[in-house]
Amino acid sequence: MTDTPILHIDMDAFFASVSIRHRPELRDVPVVVGAGGRGVVLSATYPARACGVRSGMPMRRALRLCPRAVVVSPDSLGVQSVSSAVMETFRSVTPLVRALSIDEAFLDVSGAARRFGSPEQIGEQLRARIADEQGITCSVGVAPITTVAKIASELAKPDGLLVVRPDEVLGFLHPLPIETLWGVGKKTAARLHRLELVTVADLAHTPVSTLQHALGPVAGAHLHRLAWGAGSHTVTPRASIQEPERTMGHQETFGRDTDDPILIRRELLRLSTRVAARMRRGGVVGRVVVITVRFSDFRTITRSRTLRETTDLAADIYAAAAELFSVLRPRARIRLVGVRVSGLVAAARAPRQLVLGARDPGWFEAERAVDQATLRFGSTVVRPAALIGSRRP
DNA sequence: TCTGGGGTCCTAGGACCC
DNA sequence: TCTGGGGTCCTAGGACCC
């Protein structure tokens, strides 16, 4: 046992680093990863950041700030396979790995001390291995609790490692600005600033009731605990069968705002088809269909419908999505539509209801055949008739 | 400077049931 | 006649994270 067993490991500028690995001549050039047109910056190398480019920024603005930047499309990079390889490297040290996103994970290394050394040594070994095997750098936070390890890795960036020992936790946390805490974004920070709270110490020494009044009972109590160094002392890997993802969805911004209902319905069908295929691949079914509509003024609404039975069929998902859209009667032009299914459960565990007049089982067969054909021949081979010959605007 | 796409979790009101 | 309290589900929106 060690007293600082939690590692948080975070790749440095992940997408941008992978693009440099592919094209070493870009090493000292500003590189911006993202889609063109109306996209935003996914990731930028440090030379690009020196020009003021930040992730989340509209691409157009980034290129205005840094006209000589090289733009790389994220699709071409194969980041998923790099991510999988990195996670495998983590698992070679401990089974207690929890991926938080494509490029970061928590590790509990308390059981790995005898084979690999102290948490700090393990962190350095993993950094060296990832640099060696993947050609990218990462940063590591080492702490007794998850929340603190996460902050430590952020402060260690780029290409660093930071250890926070148990007796250092409060001394480490309290001088930090409140925005550093996980879950404190723009709006929450603004509310706290109105109470003249600036540092984590300020937060810690404010009565819980005051925070709850400002932020709500759950968020207020949660932040107060975080300010006193609360967090998990261990890491539970996600067991995909018992704990499937809770929602799955896709959305897409049109190249140009539109009010053409045929175009919009066609897009809803395309998105429904993608979501359903992914659900079947993941072995999940769901009951709640949610559509998202974003208007040209960026106002965004959602509409949802709970189905009588769970499904993983595009036909069901699209039927609900189209029905939800048809009652909207939007007046403004539309910028984006999305389709999402929530209330997901593992298909094997879903209650099988025998309903009178139940759906023709032919649908199951048809959509599974599509899955098979797609697997063998690619996604353009089989698709709904309404999508044939269509190009997105 | 005109703002992506993938998610998670919380809140709050109303329906409905006991 | 003017009135309860709790629990759960559904729906919509919002904040946040990467």
Side-chain angles (χ1 to χ4, degrees), chain A residues 8 10-16 32-44 52-66 73-75 79-80 83 98-105 147 150-151 153-154 157 178-192 212 214-223 226 238 243-257 271 274-275 278 282 287-308 320 324 327-328 335-344:
Chain A
H8 180 262
D10 198 349
M11 304 301 121
D12 300 325
F14 181 54
F15 284 70
V32 178
V33 180
R38 306 216 271 185
V40 300
V41 175
L42 257 171
S43 176
V53 175
R54 296 287 177 270
S55 57
M57 175 183 283
M59 279 301 253
R60 288 196 179 127
R61 186 181 173 205
L63 289 175
R64 219 168 292 139
L65 286 169
C66 193
S73 156
D75 307 326
V79 283
Q80 190 55 59
S83 172
R98 177 85 170 202
L100 294 184
S101 71
I102 193 164
D103 70 339
E104 58 173 325
T147 47
K150 171 126 170 101
I151 295 172
S153 73
E154 192 60 40
K157 276 185 178 301
I178 46 177
E179 292 86 342
T180 321
L181 294 179
W182 215 41
V184 179
K186 252 185 169 170
K187 307 273 176 162
T188 305
R191 281 187 204 170
L192 296 172
Q212 290 179 314
L215 306 173
V218 175
H222 177 67
L223 275 195
L226 281 188
R238 183 186 281 261
E243 202 187 345
E245 275 157 300
R246 290 173 173 57
T247 75
M248 274 189 197
H250 289 293
Q251 58 179 44
E252 195 149 301
T253 299
F254 293 109
R256 196 176 295 143
D257 297 351
L271 295 168
R274 284 176 64 194
V275 173
R278 193 146 66 91
R287 263 185 82 207
V288 185
V289 176
V290 188
I291 65 166
T292 302
V293 177
R294 176 168 296 152
F295 299 103
S296 49
D297 64 358
F298 222 70
R299 192 170 63 92
T300 307
I301 60 167
T302 62
R303 291 293 180 268
S304 66
R305 156 153 312 166
T306 302
L307 308 178
R308 288 180 55 207
L324 285 166
V327 299
L328 262 186
R335 179 187 178 88
L336 161 152
V337 288
V339 175
R340 177 166 293 278
V341 179
S342 68
L344 298 187

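A note on names: the letters A, B, ... follow the listed sequences, proteins ahead of strands, and every chain is numbered from 1. Atoms considered below: every heavy atom in the structure, side chains included; atoms not considered: hydrogens, waters and symmetry mates. Worth saying up front: this structure is predicted, and the values here are computed from it rather than measured.
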Leu223(A) and Leu192(A), any side-chain heavy atoms less than 4.5 Å apart: yes

Short side-chain N/O contact to dC10(C) OP1/OP2 from Arg287(A), under 4.0 Å: yes

Heavy-atom side-chain proximity of Val184(A) to Leu226(A) below 4.5 angstrom: no

Polar side-chain atom of Arg287(A) near backbone of Leu307(A) as donor-acceptor pair, under 3.5 Å: yes

Distance below 4.0 Å between Arg64(A) side-chain N/O and dC2(B) OP1 or OP2: yes

Pairwise 5' ranking along DNA chain B for Pro217(A) and Arg335(A), keeping only the more 5' one: Arg335(A)

Any donor-acceptor N/O pair, Ser342(A) side chain to Thr247(A) backbone, under 3.5 Å: no

Spacing of Arg54(A) atom CZ relative to dT3(B) atom P, expressed in whole Å: 19 Å

Thr292(A) (side chain) donor-acceptor with Val290(A) (main chain) under 3.5 angstrom: no

Interatomic distance at C1', dG4(C) relative to dC16(B), whole Å: 15 Å

Per-nucleotide protein contact string for nucleotides 13-18 of chain C (B base, S sugar-phosphate only, - none; heavy atom under 4.0 Å): S-SSSS

Stem segments of DNA chain C by first residue number [Watson-Crick or G-U, under 3.5 Å, at least 3]: B:5-18 with C:5-18

Of Ala219(A) and Ser296(A), the one whose closest DNA chain B nucleotide lies more 5': Ser296(A)

N/O (side chain, Arg60(A)) to phosphate O (OP1/OP2, dT3(B)) under 4.0 Å: yes

Can you pull every protein N or O that's under 3.5 Å from an N or O on nucleotides 5-9 of chain B?
unit_1: dG5(B); atom_1: OP1; unit_2: Thr253(A); atom_2: N; d: 3.0
unit_1: dG5(B); atom_1: OP2; unit_2: Thr253(A); atom_2: N; d: 3.1
unit_1: dG5(B); atom_1: OP2; unit_2: Thr253(A); atom_2: OG1; d: 2.6
unit_1: dG6(B); atom_1: OP1; unit_2: His250(A); atom_2: ND1; d: 2.5
unit_1: dG6(B); atom_1: OP2; unit_2: Gln251(A); atom_2: N; d: 2.5
unit_1: dG6(B); atom_1: OP2; unit_2: Gln251(A); atom_2: O; d: 3.3
unit_1: dG7(B); atom_1: OP1; unit_2: Arg278(A); atom_2: NH1; d: 2.5
unit_1: dG7(B); atom_1: OP1; unit_2: Arg278(A); atom_2: NH2; d: 2.5
unit_1: dG7(B); atom_1: OP2; unit_2: Gly249(A); atom_2: N; d: 3.0
unit_1: dG7(B); atom_1: OP2; unit_2: Gly249(A); atom_2: O; d: 3.2
unit_1: dG7(B); atom_1: OP2; unit_2: Arg340(A); atom_2: NH1; d: 3.0
unit_1: dG7(B); atom_1: OP2; unit_2: Arg340(A); atom_2: NH2; d: 3.0
unit_1: dT8(B); atom_1: OP1; unit_2: Arg246(A); atom_2: N; d: 3.0
unit_1: dT8(B); atom_1: OP2; unit_2: Thr247(A); atom_2: N; d: 3.3
unit_1: dT8(B); atom_1: OP2; unit_2: Thr247(A); atom_2: OG1; d: 2.8
unit_1: dC9(B); atom_1: OP2; unit_2: Arg246(A); atom_2: NE; d: 3.1

Between dT3(C) and dC17(B) - P atom distance, rounded Å: 23 Å

Close side-chain approach of Leu63(A) and Val53(A), heavy atoms under 4.5 Å: no

Side chain Arg54(A), main chain Val41(A), donor-acceptor under 3.5 Å: no

N/O donor-acceptor pair under 3.5 Å between Arg299(A) side chain and Val293(A) backbone: no

Sugar-phosphate only, base, or nothing, as touched by Val218(A) at under 4.0 Å among non-hydrogen atoms: sugar-phosphate

Heavy-atom donor-acceptor pair, Ser83(A) side chain to Ile102(A) backbone, under 3.5 Å: yes

Integer-rounded Å distance: dT1(B) P and Leu65(A) CG: 10 Å

